[in-house]
Amino acid sequence: MRLLTHNMLASNIKGVTSGYPLRIEAHQSAAKEADFNADFLRNVFPKIDWPALVSAAKTLGYGDLPEEAEPSMLESDEFLRRFHHALLEVHVEEGALVCPETGRRFPVNKGIPNMLLHEDEV
Amino acid sequence: MGGATMDCTTIDVAAVERKGLSRPGSSKTLPRIAQIKLVSQHPEVYEPCDDSFALVDALLADRANLLLHQPTLCLEIGSGSGYVITSLAIMLGSETPTAHFFATDINPHAVETTRKTLEAHGVHAEIIVSDIASGLQKRLKGMMDVVVVNPPYVPTPEEEVGQEGITASWAGGENGRRVIDRILPIADELLSEKGWLYMVTLTENNPSEICQLMREKGYGSRIIVQRSTEEERLHVIKFWREKGDEGKEGSKFGGSGVGSWLSQLPLLSFLRNNGSSN
Ligand SMILES: C[S@@+](CC[C@H](N)C(=O)[O-])C[C@H]1O[C@@H](n2cnc3c(N)ncnc32)[C@H](O)[C@@H]1O
């Protein structure tokens, strides 16, 4: 699971008002090379929750993102490289995503998060 | 579709590529869709069948439009073996370098199979075990430029809907519409302004009513592929938001026979009357 996906996932348990961002419990993570495409990064930037990305990347040991980001930074190749790495190359392989409100753990196995709810959670 | 003993013998346009052979006269071109021999299998996971092939053929038929569309995010709901999302990733591939792919399935065996199939073809999609798009819906709202779905569409007793394993791949409840009717509003939520939805339906699902439902949500629709097998009559329908002139291109009715099918459906007469094409 890329951090792009983590950035898009939220806990939707019944009654939870802000199930975002999910806390990452990583038992195993990985770095995998991905094709760099500046246009993709520029397209997706406005949709990214930046603080969630920064903190997720830190949890996985990547601390090179600036705490705050603004569109003008997308001109910088250095910034784009870091954004690319955090968003697409850092993966959670094994572990869990934890609902910030209820503590419910959504398991991640072989890089695949399981967001299915139990019957009493829908 | 029809349980574990499906007969997948219908011949169609992409059959040659599926087998990993190149078309005559183009021996050097790479296959543009997933190869059956590289598609992973599991006893609890739906194997690519006529409906899967029809959906991939529809995407191939619309490929030129998809390349112009330049999607950023694409999603398959219910990816099963991974045959369709892998094919989509391959066919858009290097020509749409901005495209990124997501796939969901409610069956954990299916997502695992999808993962292996993607890997065997050297393409990537982010995979999530999810009920339609649960967990993604909130944040991905309005972000999907392409959504594809081959839903469980077989009319079955209601009790069979929502069961685990392979049953979930076909059991569609009354008129086969139980899951489809849950998918439509979610797809509407997920699609971007320029977003396109491709969905497989069966005659018994009442596709004209589905188009009407989507019409009420502001969507135009067009049948891209229709195919009759011994046991079922399939249609792959494309939906798009009918706002302004954005994203309109292509011929009015691609493929032969579509017009005559439409003419049998009074509910779809708007398609013939309005000037848009997609
Ligand atoms: C007809 S199969 C299609 C599989 C594959 N896309 C193909 O075309 O070969 C339908 C798939 O949808 C999945 N599915 C059924 N209900 C679902 C739901 N509520 N959410 C997500 N996936 C679902 C099934 O597990 C199955 O893999």
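Chain identifiers are assigned alphabetically (A, B, ...) following the order of the sequence lines, protein sequences preceding nucleic acid strands; residue numbering begins at 1 within each chain. All values reported here derive from a predicted model rather than from experimental measurement. Atoms considered below: every heavy atom in the structure, side chains included; atoms not considered: hydrogens, waters and symmetry mates.
For A:Asn43, the part sitting under 4.5 Å from any heavy atom of chain B is the side chain, from C-beta outward, and nothing else. Of the atoms belonging to A:Asp39, heavy atoms from both backbone and side chain fall under 4.5 Å from chain B. Only the side chain of B:Leu73 has a heavy atom closer than 4.5 Å to any heavy atom of chain A. There is no contact between A:Phe106 and chain B, counting heavy-atom distances below 4.5 Å. Heavy atoms of A:Asp49 lying under 4.5 Å from chain B belong to its backbone as well as its side chain. There is no contact between A:Leu22 and chain B, counting heavy-atom distances below 4.5 Å.
The OH atom of A:Tyr62 sits 6.0 Å away from the CZ atom of A:Arg82 when rounded to the nearest 0.5 Å.
By number of non-hydrogen pairs under 4.5 angstrom with chain B, the leading residue of A:Ile112, A:Asn12, A:Asp35 is A:Ile112. Ranked by heavy-atom pairs under 4.5 Å with chain B, the list A:His91, A:Arg42, A:Lys32, A:Lys47 is led by A:Lys47. Here A:Asn7 is the residue among A:Leu117, A:Asn7, A:Val44, A:Val108 with the most heavy-atom pairs under 4.5 Å with chain B.
Proximity of a side-chain donor or acceptor of A:Ser29 to a complementary backbone N or O of A:Ala26 within less than 3.5 Å is not detected.
Salt bridge B:Glu189/B:Lys138: absent, no basic N to carboxylate O contact under 4.0 Å. Salt-bridge check for A:Glu93 with A:Lys110: failed, with every basic side-chain N at 4.0 Å or more from each acidic carboxylate O. Between A:Arg81 and A:Glu78 there is no salt bridge, since no side-chain N of the basic residue sits under 4.0 Å from a carboxylate O of the acidic one.
A pairwise comparison of heavy atoms in A:Leu88 and A:Arg2 identifies O-NE, 3.1 Å as the closest pair.
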* Given the rule in the side chain to side chain donor-acceptor pair (under 3.5 Å) test, do B:Asp188 and B:Tyr219 qualify, once you have shown the distances and angles that lead to the verdict? -> CA-CA 9 Å; B:Asp188 174 37; B:Tyr219 287 83; 2.7 Å; yes
